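Notes for the one structure printed next.
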Amino acid sequence: MLREIQQVLRLIMCLKKQKHSLKTTGGLLVLMWTDTGASGETLNCTVAAAGLWCARIKMKDLQHVLPDLEKNTFHCEWTYLQPDPEELCTFTELYGSLRLLLSIQIKDTSLFCPEWCAHIEAFLNTFSLANAGIKIHLKLKLSQQTAQQEFRGKVKRRVARGNQPSPVLDVTCRTQPPVCVKKGCWCLGGHPVCGGQIPLSIHPDAMDQGLFGELSIQPVTLLSPCVLQYPHLTTQLTQIKVLVYSPSNVPVTGPSIFFQNLPAHLDCQELDMHSLHCSSFKDLVHSGGFVYTVEQENSEDAEEESNPSPVQQSLLLFLFLQHSDPFTCQLSDIMVSEALIEHHLEDILNNNRQAVTTALQTELKNTLKAQNLRQKEHRKLRSAAGVILSSSLSIVSCSSNMDFRNACLNCMKVCDTRDLSDSLRESLRRVTSWKFVSKGGCYSDQGHHYFEQMEEHLESDKPKRTEI
C-alpha cells in the first residue's frame, strides 16, 4: 500500500511540474478503511488532493498513466470505490473542490500488518517536511483501530534551487525552550542552507534501461534548535538525519547500504567527532530517513565539566535528486525516469561514492565549524568570568566598610562571602550564557496571525553559511 501511495504522490508532483505550477499550498487526504462484503474483508485506501498546489490538474490528464500504474501494482488493484461522503465533504470545505481522487483496494487483508501504519505515517511525515505548504490528513478506520493525524508545518521556508522548483521546507523547531528563556526570545524555526550541487554520473545499467540526461544531488542542511540569538551558548551536535527525495520531491523509500555504511567513509577526526553510528532498520522505519548518532570527545577538563550542559542540536540533511532530460517531456516518460532513478539509486551512489562522500563531509564540517567557534569563545568568556569573580570577591572580602559588605551580601541574598562566591558564579554564568541578541531572520512567537501571513507570503531568501 505504501508503494501505491508513493506512486500517486509522484504522479501528482510530476504532473504539477509538467504544468509549471508554482503554487505550494493545499490539502492532501489519505483515508484508509476496512470493509466487509460477500467476498470477505477488504482494505481500501483513497488519496484525494485539493487546493492551489494541484489546481491545474484534471482527472483526464491521468488517463494515459493509470494503465501503467496498474501494471506495477502488487497485491492491490485500482478501483473507483468512493469513501464516506462525509469525509470528503469535510476535506473540500477546507480546501475547495477535489482535483484528484484515486482509490486502491487489497482483497487479501492477511497481507496487511500493523507495521504498515508506521511505514505510511513516517513516509507522509517525510513528504510533509519538504512540501510544507501542503497540509496532510491521514485517517485510519480499520477493524482494530481508528486514528487520525495531521502533518503540517507551523514555520515554513522556501529554498531557492537555481532553475529548479523551490521546495517549501518545514523548519519548525520541535525543541521546547529552556525555562529561563522569556516568551518571544526563542527562535521557533531553523535556517536552511543550500550546499554545492553534486553532479552524478548515471550507472550503465540505468542507461541500458533508458535513463539519460543530467543527474545531480542538491544538499540542504537545517540545524535545530536555532541559538543564533544566544551567541554565548555552547552547542553540541548529537544527531544527524538524512532524507533523500526524488526529482519530483517525493521521499525515496527503502533501506540503503550506501547510507548505512556512510560513517565508515567519513573522516570523523576532521569533524572533531569520536564516532558516528547509523540507527537500526527498525528505527529507520519510524524516522523515515537515515539517522546517525554523533558521539563527541569527552572533556577531561574539570572546570569544563562543572559548567552546564551544552544545548543539544540535531542536523537535518535534505538530499534533493535533480534530473533533466530534454527528450523526456511526456508524463509517462517522466514517471518511468523517476522509477529508474529510484531503482538504480544504490548503484548510482556507489558509482559516485567519492564525490558524494566528499560533499557530505564538507557539509558536516561547515555545520560543526560554528559549534567549534562557540566553544572557543565560551572558553575565553569563562576565563574572563574567572577574573571578574576573583576580583569582585577580593573587593568585598578586603573592604573595611561593613555597610558596603552587608549591602553586597544582601544584594546577592547570601549570608557570608563563601555563599557569595557560589551565588556570584551562578549569576555570571546565567548573565553571560543567556545573553540575548535579537536577530532579524529568526522566528519569534508573534501569535497565530503571524504564521498565517507566512503561509500566504513565503519569502524566497538565500541565507549565508555564517547564519548557522
Side-chain angles (χ1 to χ4, degrees), residues 1-14 16-17 21-32 45-54 91 94-95 99-100 116-140 147-159 161 165-175 188-192 218 220-222 224 241-254 284-291 314-321 443 451-452 454-456 458:
M1 187 71 76
L2 173 60
R3 186 165 182 245
E4 283 67 36
I5 295 174
Q6 181 191 28
Q7 286 181 325
V8 172
L9 290 180
R10 180 179 292 164
L11 175 62
I12 300 173
M13 299 299 286
C14 287
K16 175 177 177 291
K17 184 177 180 180
S21 175
L22 301 178
K23 302 295 183 181
T24 57
T25 59
L28 177 73
L29 173 65
V30 179
L31 177 61
M32 298 178 63
C45 176
T46 290
V47 180
L52 294 176
W53 74 293
C54 56
F91 182 68
L94 291 172
Y95 304 105
R99 310 306 303 179
L100 179 140
W116 277 24
C117 295
H119 280 267
I120 292 172
E121 286 180 12
F123 173 79
L124 292 177
N125 180 58
T126 306
F127 177 80
S128 176
L129 291 176
N131 299 275
I134 305 168
K135 297 177 183 177
I136 303 173
H137 303 263
L138 173 63
K139 296 189 178 183
L140 306 174
Q148 61 179 17
Q149 192 170 355
E150 275 190 19
F151 303 96
R152 54 184 298 180
K154 185 178 181 182
V155 186
K156 310 172 183 67
R157 174 76 70 168
R158 190 186 297 276
V159 178
R161 294 189 302 169
S166 302
V168 178
L169 304 186
D170 177 6
V171 298
T172 309
C173 176
R174 267 79 184 181
T175 304
L188 301 180
H191 308 277
Q218 174 69 64
V220 177
T221 54
L222 177 63
S224 179
K241 185 174 181 180
V242 178
L243 303 176
V244 186
Y245 292 84
S246 67
S248 61
N249 221 30
V250 175
V252 175
T253 59
L284 297 179
V285 170
H286 296 281
S287 66
F290 303 93
V291 180
S314 60
L315 179 68
L316 196 56
L317 177 57
F318 296 89
L319 297 180
F320 294 102
L321 288 162
Y443 308 91
F451 293 103
E452 282 185 344
M454 285 182 61
E455 289 188 15
E456 297 176 4
L458 288 168

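Given the structure is predicted, the values throughout are model-derived calculations rather than measurements.
In this structure, Leu9 and Phe123 have side chains that are in contact, with non-hydrogen atoms separated by less than 4.5 Å. A heavy-atom distance below 4.5 Å is found between the side chains of Pro247 and Leu321. Counting heavy atoms from C-beta outward, Arg157 and Leu222 have side chains that stay 4.5 Å or more apart. Here the side chains of Val171 and Pro192 are in contact, with some heavy-atom distance below 4.5 Å. Contact of the Leu317 side chain with the Phe290 side chain is not registered, since no non-hydrogen atoms from C-beta on lie closer than 4.5 Å.
In this structure, Leu2 CG and Gln7 CD are separated by 10.0 Å, a value rounded to the nearest 0.5 Å. Rounded to the nearest 0.5 Å, atoms CG (Leu140) and CD (Gln148) are 9.5 Å apart. The CG atom of Leu188 sits 10.5 Å away from the OG atom of Ser224 when rounded to the nearest 0.5 Å. Atoms CD1 and CD, on Ile120 and Glu4 in that order, are 10.0 Å from each other to the nearest 0.5 Å. The CZ atom of Arg3 sits 15.0 Å away from the NE2 atom of His119 when rounded to the nearest 0.5 Å. In this structure, OG1 in Thr24 is found 4.5 Å from CZ in Arg158, a value given to the nearest 0.5 Å.
Across every non-hydrogen atom of Gly133 and Val168, the tightest pair is N-CG1, 4.2 Å. Scanning both residues, Pro167 and Pro165, for their nearest heavy atoms gives CD-O, 3.3 Å. For the residue pair Met32 and Cys45, the shortest heavy atom distance occurs at CG-SG, 3.8 Å. Residues Leu319 and Val242 come closest through the heavy atom pair CD1-CG1, 3.7 Å. The two atoms that bring Gly27 and Ile134 nearest to each other are C-CG2, 4.1 Å, heavy atoms only. Of all heavy-atom pairs between Leu169 and Val220, the closest is CD1-CG1, 4.0 Å.
For Lys17, the salt bridge (charged side-chain N to carboxylate O under 4.0 Å, His left out) test picks out no residue, with sequence neighbours left out. Considering only residues two or more places apart in sequence or on other chains, Ser128 meets the side-chain hydrogen bond (donor to acceptor under 3.5 Å, both in side chains) condition with none of them. Residues meeting the ring pair (Phe, Tyr, Trp, His ring centres under 6.0 Å) test with Phe91, sequence neighbours left out: Tyr95. Among residues two or more places apart in sequence or in another chain, the salt bridge (charged side-chain N to carboxylate O under 4.0 Å, His left out) test is passed with Arg99 by none. Evaluation of the side-chain hydrogen bond (donor to acceptor under 3.5 Å, both in side chains) rule for Gln6 yields Glu342 as partners, not counting sequence neighbours. In this structure, the side-chain contact (heavy atoms from CB on, under 4.5 Å) partners of Ala49, at least two apart in sequence or on a different chain, are Ile12, Leu28, Trp53, Cys54, Leu100. Ser246 meets the side-chain hydrogen bond (donor to acceptor under 3.5 Å, both in side chains) test with Ser248, Glu338; sequence neighbours excluded. Partners of Leu52 according to the side-chain contact (heavy atoms from CB on, under 4.5 Å) rule, which considers only residues two or more places apart in sequence or in another chain, are Lys23, Thr25. Annotation: side-chain hydrogen bond (donor to acceptor under 3.5 Å, both in side chains) contacts of Asn249 (sequence neighbours excluded): Asn131.
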Self-check item: His191/Tyr443 under side-chain contact (heavy atoms from CB on, under 4.5 Å): CA gap, chis, key distance, verdict
Solution: CA-CA 10 Å; His191 308 277; Tyr443 308 91; 4.2 Å; yes
Quiz prompt | Intermediate values then yes/no, side-chain contact (heavy atoms from CB on, under 4.5 Å), Leu29 and Thr46 | solution = CA-CA 8 Å; Leu29 173 65; Thr46 290; 5.9 Å; no
Exercise. Applying side-chain contact (heavy atoms from CB on, under 4.5 Å), run through Thr126 and Phe151 and close with a yes or a no.
Key: CA-CA 9 Å; Thr126 306; Phe151 303 96; over 6 Å; no
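Within the 3.5 Å criterion, the main-chain N or O of Lys154 finds a donor-acceptor partner in the side chain of Thr172.
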